[in-house]
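To start, the structure itself, in structure tokens.
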Amino acid sequence: MFLYYYDNVRHEPMNDFFYRVHEVVMQIPVGKVTTYGTIARHIGAGRSARTVGFALNAVADDDRIPCHRVVNRNGELSGKMHFATPTRMRELLEAEGIEFNGERVKMERHFWEP
DNA sequence: CGGCTGACTGCGA
DNA sequence: TTCGCAGCCAGCC
């Protein structure tokens, strides 16, 4: 358990939606990716995929949480504009051995489900 | 309370 | 296969 803040507010780990999103993201293995919808379902909020993206935005600068390993259902890097540079997300993934097919991650090879 | 905004998704065409 | 659209719901006024 680590201290957990954003917007200067302390959130309660077991009840907080954002915290639960981050807990799952931290478990994604190197070389794997998962999707917004998968995370939403896993924490029992199956229809809140968009809010999962919002939760990642809150910790974009936190290197404990590998936001770059979360992509959309098609394997596209829909969140790349929220990184320091437009190519940063892809660079991080490729450095971990993730392979692409054009603009998309090869999901059949790298998809990971909690 | 009510309205608006997304790093989304499933489904029909 | 790809595209458009309507749902969705936590946060933040």
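Note that these values count all heavy atoms, side chains included, but never hydrogens, waters or copies made by symmetry. Chain identifiers are assigned alphabetically (A, B, ...) following the order of the sequence lines, protein sequences preceding nucleic acid strands; residue numbering begins at 1 within each chain.
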Discussion item. Just to verify, what does A:Arg47 make a side chain to side chain contact (heavy atoms under 4.5 Å, CB included) with, not counting sequence neighbours?
Written reply: none
Fill in: Rounded distance in Å - CD1 (A:Ile65) to P (B:dA7)
17 Å
Worksheet item: Taking 4.0 angstrom as the limit, do A:Glu96 and A:Arg69 come out as a salt bridge?
Response: yes
Fill in: Proximity to the side chain of A:Ala49 - top-ranked nucleotide from C:dT2, C:dA10, B:dT9
B:dT9
Worksheet, complete the sentence: Quick note, A:Ser48 side chain, CB onward, closest among B:dA7, C:dC9, B:dG10 is C:dC9
Practice prompt. Evaluate the side-chain proximity of A:Cys67 to A:Val25: yes if any heavy-atom separation is below 4.5 Å, no if none is.
Written response: no
Worksheet item: Rounding to a whole Å, what distance do you find between A:Arg20:CZ and C:dG11:C1'?
Response: 17 Å
Item to complete: Report the distance from atom CD of A:Glu103 to atom P of C:dT2, rounded to the nearest whole Å.
Response: 13 Å
Worksheet item: Among B:dG10, C:dA10, C:dT2, which is the nearest nucleotide to the side chain of A:Arg104?
Response: C:dT2
Worksheet item: Per the atom types in the model, does the base of C:dG7 pair as donor or acceptor with the side chain of A:Arg47 at under 3.5 Å?
Response: no
Item to complete: Using whole Å, report how far CE of A:Met81 lies from P of B:dG6.
Response: 12 Å
Discussion item. Nearest whole Å is fine: how far is C:dG11 C1' from A:Phe18 CZ?
Written reply: 6 Å
Discussion item. Under 3.5 Å for both donor-acceptor distances, Watson-Crick or wobble: does C:dC8 have a partner, and if so which one?
Written reply: none
Discussion item. Can you tell me which nucleotide in B:dG10, B:dA7, C:dG11 comes closest to the side chain of A:Tyr36?
Written reply: B:dA7
Worksheet item: Could you give the CG-to-P distance, from A:Leu56 to B:dC8, as a whole number of Å?
Response: 10 Å
Discussion item. Whether A:Thr35 contacts B:dT9 is assessed here as follows: a side-chain N or O lying under 4.0 Å from the phosphate OP1 or OP2. Is that the case?
Written reply: yes
Worksheet item: Do any side-chain nitrogens or oxygens of A:Ser78 fall under 4.0 Å of OP1 or OP2 in B:dC8?
Response: yes
Practice prompt. State, to 0.1 Å, how close A:His68 and A:Leu93 come at their nearest heavy-atom pair, and which atoms those are.
Written response: O-CD2, 3.3 Å
Worksheet item: What nucleotide among B:dA7, B:dG10, C:dA10 has an atom nearest to a side-chain atom of A:Arg41?
Response: B:dG10
Response to the item:
Separation of C:dC3 atom C1' from A:Asn72 atom CG, nearest Å, is 14 Å
Item to complete: Please report, rounded to the nearest Å, how far the P atom of B:dC8 is from the CZ atom of A:Phe17.
Response: 13 Å
Discussion item. Check whether A:His110 reaches the backbone of A:Glu99 with its side chain - one donor and one acceptor, N or O, closer than 3.5 Å.
Written reply: yes
Practice prompt. Check whether the side chain of A:Arg50 and the base of C:dG7 form a donor-acceptor pair under 3.5 Å.
Written response: yes
Discussion item. Measuring from the side chain of A:Arg73 (C-beta onward, heavy atoms only), which nucleotide among B:dG10, B:dA7, B:dC8 has the closest atom?
Written reply: B:dG10
